[in-house]
Structures are given as structure tokens and as C-alpha cells.
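Reading through the C-alpha cells given below for one structure.
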Amino acid sequence: MLTIKNLQAKIGDKQILNGINLEVKPGEVHAIMGPNGSGKSTLASVLAGREEYEVTGGEVEFLGKDLLELEPEERAREGMFLAFQYPVEIPGVSTINFMKTAVNQIREHRGQPALDAVSFLGLMREKMKLVEIDQSLLNRSLNEGFSGGEKKRNEIFQMAMLEPKLAILDETDSGLDIDALKIVSNGVNKLRNKSNAVIVVTHYQRLLDYIVPDFVHVLYKGKIVKSGTKELALELEAKGYDWIKDEVSVA
Amino acid sequence: MSKDNQVLEELTSKEYEHGWTTNFETDSAPKGLNEDIIRFISSKKNEPEWLLEWRLSAYRQWTKMKEPTWPNVTYPPINYQDVIYYSAPKQKATPKNLEDVDPELIKTFEKLGISLTEQKRLTGVAVDAVIDSVSVATTFKETLGELGIIFCSFSEAVQKHPDLVKKYMGSVVPVNDNYFAALNSAVFTDGSFCYIPKGVRCPMELSTYFRINAANTGQFERTLIVADEGSYVSYLEGCTAPMRDENQLHAAVVEIYAMKDAQVKYSTVQNWYPGDKEGKGGIYNFVTKRGLCFGDGSKISWTQVETGSAITWKYPSCILKGDNSMGEFYSVAVTNNYQQADTGTKMIHIGKNTKSRIVSKGISAGHSQNSYRGQVHIMKRAEGARNFSQCDSLLMGDKCGAHTFPYIDVENNSAKIEHEATTSKIGEDQIFYCLQRGIDEESAVALIVNGYAKEVLNQLPMEFAVEAQKLLALTLEGSVG
């Protein structure tokens, strides 16, 4: 589904990604971990197509297409979803209105007719249940005055509405208490199936207790320096990141 | 070239949708302004002597007045002798009904989406259609007449209801109120007149649609709305003009007179030709709009969506004379390219427990300048007066300007006044968030801007609100940069 080969990227003059290689297949969950400043969020942003980052080398294939050639909105329409670490506030625009616009633009891209109000409401009700979110939140201005937990839950609701092929969760656990973490993880797990994939970007292991990964990768200085299974995450939790840094510097 | 700039290019090459002209024969006055021209206009309209005298007195006062220089706008001096003050489509006789109206004129309005054929119209709106200097048709007159509501062109009101016109014309905006009001009083040619009798709730939206067609012509219309005790009316105004290289002058006067417990809601969607992307051409929109809450418990509410005109100079205001009366002003003013807007309101609190509410949302893009200018004046007698003002500015790009000039005068210590102001920019973060959900950039801007202006748009009657939303999006398309 997603093949990243030797991806390099910089922001301004600062080189951040130094040759990432990663293969994600349908049905898989990949965790990307690493110390602060290792390039985790940059990787998520580059994949989503944020303009500030300049790709300086490598290639990325997404569902048979050259991802780097696609505009951000085209990537989204092809089925890539980024759950933001810091979801953005848009005053005066409700989540419902926002999602209606998004769903219908994606449908148009796929050659499907726009959903009428009744079908849209039906779809929304179904997804609300799935991620345990209240409609009163969806009527409010997008993310304005939301608590940290509400913002993240709203991101997962949007993911449910848009049914992406590949979801990238960027530090979705940050700012969540344990109850909110469970609800958010539950939502993600319910949305998993054989044909979609998830990349979980996180600093801490605790999210991976709830969203269990098939693979864990450690990112350090813009490179994946170690890959393994979920046991690797536990090892990191126990030993911290220093031993990885040591291993890298020895090598 | 970055993607944003490309989109900007596309926008600016996009043409003003209503920029076409219609060819019909016109009957015009020669260029220029003097007492003979005023006599010419007055006789063309077959006016009574008192009205001619009224005009001449306005003209004499105007010649002694100076064009205001305090607005935050710049433009080359206007040569008032180079303007045609009267231009009317030639019609065989005064049309008694729609069948007599030149089909070319009906087509003109149909092209603008305004059907004058009553059967084809949504039953909720009655229209007075004004082209250049004259009203060409008014719909639903009979239906409204059954309720005692008078809705007709100003010229017709002068002939058929001279007492009402004589009594109320100039009672809210005096002849010498300001330079442009004086000019209008001297040369006004047509407009709409509306009287709602005691206790009547007008069952449909009344609307006037203004269209400038002829070249070198100024449009000087007057609207007078009189709401008798306990009545209610919602009034809409829309306007467009062809694309022309020269600037055209539009100096209108709107007066609203509200008696005890009467309510008037006046909504404007202003889309005069704004000039081209270099700032060439466009309408100078110098308008005086004022409402008098004369009676106790009366209420006047102004809502405006200003997207057009090269220069906008207008301050729809309320004089809150009656005790417990209320004034409202909701405004969205959008400027793009080289447009300039200096707009806002005046709330004059005279009566006790009078209330006013001001919500102004400015949006500036391109090289434009957008100013909010507002005055809240609490007079000595206005015990317990309250005002709430909110003035927000949204900037798109870094070549435009947003300015706020609030004036507050309080002569009574019991007054409560709140003023809030914010300035923000459409963030790249907001745009990217939308893009990442599959929403294209144009729609993202439209979504964000409409969200920003929502509080004002919500005040508009339904079908107008939809139009206004589209217009906002169209005016700003691609102006993120």
C-alpha cells in the first residue's frame, strides 16, 4: 500500500529526514517511535504533503501512485488521513459542516454523487456511535474551546467519516488521560480491517497497549535505526531511548 | 510561482459576473449640474412645485459644502460637471402593468436572476426594479395594497401619496446632512417608497433591485420606509453595474422612520462593479442610510454584505429617540484587489433604556484597504442605555490593510458600553487542515470566511444568505497568499 524508499526532507536549511525506508501493507499497524526531534512528526507531515517541508530525495508510492506528485487534497482523496497532533480551530464552522464538505468533495473525486442531507445524517449517526462522540460537540465550531480529549476524539470521528485506506495518527495520545486514551484507541481499533492500514506515531509505549502494532520502528536522527515487533516497544519503555542512541553511535 | 500565487492569478483574471450592458434607448439629461438640470429632472418627473423648491434649496446648500476628506480612502477629485444626472430607459408611456414594460428591460433583470413576472417569482418577495434613474416595475403591488401597504417607486409616491412623502422625506436625513446627501436631495431621480400601516406585519420581503446601465451616469436614488405603530417589515436591497473603465458615482439616501413598537429590518447585498484587478473603474458608493427609532419600543436593524464598489463610504445608522428603542448593525465588508471601504455605523442614544448592538466583520485581501468607523453616542437623557460592539478584521495576504476607528461619547454615567475587537489572518494551518480532509483550497477559503462571517450572515433572510455566501466565496476566490 505504502512504499517509502530513501526519503529525505528538510525544512528551511535544516535536513530532518535522512533516508527513510518503510513498507506498509493492507491490514497492518506500524508504530513509529523515537526520541523528541528524531523526525517522527516531520515524516507524518511530509506524507500528508505539508508545503513547508521540502523533499530532497527518495520516493514514495501510495496505492500505485507517486505520492510526492500529488497535492495534499489529492492525497486525502486517494485515502490518506492524518490525525493531527494539534487539531486546528476553525471558528464558525461546525464539524458537521466541515465533514459534509470533505465527504462530498471526496465522493466527487470518486465519481459518486453528493450525499443528500438525510443520508449524510445517517452516516454521521453510525460513525458517532462507533467512536462514542456526542452530537453537541459536532454542532460546535470545529475544535474551538474543545478539551484535548475532545479534539482527539473529533479527529477519530473524522477518520471514521472519511474511511481512509491509510491513517497516520500523529501523537494522538499526547494530552489524553487514560479514559480518553481508551475511547480514542477503541475507535481506531473498530475502524481497522483487512484492507486499511494505520501508522501510529508516538513517543510513549502506553498507546500501543491499546492499539497493538504489528511492527515497531525506531526513528533516530531522521532514519529508522531499528525495527521489530511490539516487544521492541516494551523494551523501549523499560530502557528508554539512550541504548538506541548508543547502538547507533557505535555502529 | 507558488501555488497560492497561481490561484491568485486565476482569481484576478476572473471577470465580474454582472459586467454586461443592455442596449435600450435612453432619455438622458445633458452632462453637468446646475439649476436648469434640476428643473429638467423635476419636470421630466412631473413634480409638484414644492418638491422642485426642495431640490433647488438642497442644490444651493450643496454648492456651499465641501466633499468630506476624513474617510480613509483616496481617489482623484470627482468632476461633478462631467456626470449625467438623469438617464432613463425610453418607454412609450408609464407602464401600467408588466405587459407594458419593454421586454428588453425585463430580460435585463432576468439575466440578473430577478424575475419580474410575479407567477415565476418566489411568492415571498416583492420587487421594485430600478434601472439607472428610474423604477421600471414593482411587483405584488395589488397583493400588498389589500393590507394597506404602499410599495411603489418614489416617483409614483410623489404623485399618489404626496402628503406622506412631504411629511417624512428629509425627516431622518436632512437635506444638508452631508455633502452626498445634499447632492442626492438635489438630483435624486427615483427609488422606492414603502409605508406599512398601523399593526400590519408585512407578509413578504420587500426588495429593491438597483442596476446602473448607462455610461457616465450617476445613480442617485432615495428610499423612504415609514413603519407605523406596531408594524413590521423586512426590506432587501441588491445592486449591480456593468464593467466600465471610468468610475461611476452612486450617492443614495435611505431613510427609515419607525413609530411606536414598529420593527424594520433592512438588508443589503451590495455588489456594484468593484473595478478591475489594477483598480481601474468601479463604482464610488457614497451612501447615507439612517433610521429613526422615533417611537418607544421601536427597532431598526441594518444588515449589510458589502462585496462590490471601488470605494464604499457608508454608515447605516440609528437614532434611538424613543424610550426602550433598539438599533442593530450587522456588517460583512469584503475588499479585494484595490478596493477601499470605509464603513460602519452610528448609534445615537437619546431615549431611556435604549440598546444598540454592532457586529462588524471586515475581510481584506489583495491590495485593498478596509476600515471600520463607528460612533456610539450616549446623550444626557439616555438613562440606562447599553451598547455592545464587536469589530473583527480578517486579513488575507500581507499587502492589504485593516483599520478600526471607534468613537465613543458618553454623557450619561448609567450607560454600559462594551467594545471588543480582534484582528486575525487566515492561517496556513487552517488551510492545510482542510486540504488534508480532501477539501480544495478555494472551498477551504470559502468555508473559513463564511464561518468567520456567520453571525452576520445568519441575520439575512434565507435566500439572501445563500446568495451572500456564494458572493463572499466568489469575491475572495484564491486570494490566499
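For chain A, the option among B:N450, B:D429, B:I448 with the highest count of heavy-atom pairs below 4.5 Å is B:D429. Interface remark: of the candidates B:C434, B:A453, B:G438, B:G438 forms the most heavy-atom pairs closer than 4.5 Å to chain A. Highest contact tally toward chain B, considering only A:N104, A:L162, A:I90, A:I106, is held by A:I90 [criterion: heavy-atom pairs under 4.5 Å].
The residue from B:K346, B:Q375, B:R373 that alone fulfils the side chain to side chain donor-acceptor pair (under 3.5 Å) condition with B:Y407 is B:R373.
Of the atoms belonging to A:Y86, not a single heavy atom falls under 4.5 Å from chain B. Contact of A:R75 with chain B is not made at all, since no heavy-atom distance falls under 4.5 Å. Interface remark: A:E74 contributes no atoms to any contact with chain B (heavy atom separation under 4.5 Å). Contacts between A:P164 and chain B at a heavy-atom distance below 4.5 Å are absent for every atom of the residue.
Using a 30° and 60° split on the angle between ring planes, A:F84 and B:Y433 fall in the perpendicular class, above 60°.
Surrounding CZ of A:R140 are more than 12 heavy atoms belonging to other residues, nucleotides or ligands, all under 6.0 Å away.
B:Q369 and B:Q340 form no side-chain donor-acceptor contact under 3.5 Å, judged by distance and modelled atom types alone. Of the N and O atoms on the side chains of B:Q304 and B:T343, at least one donor lies less than 3.5 Å from an acceptor on the other residue.
One finds a salt bridge joining B:R357 and B:E455 here, because a Lys/Arg side-chain nitrogen approaches an Asp/Glu carboxylate oxygen to under 4.0 Å.
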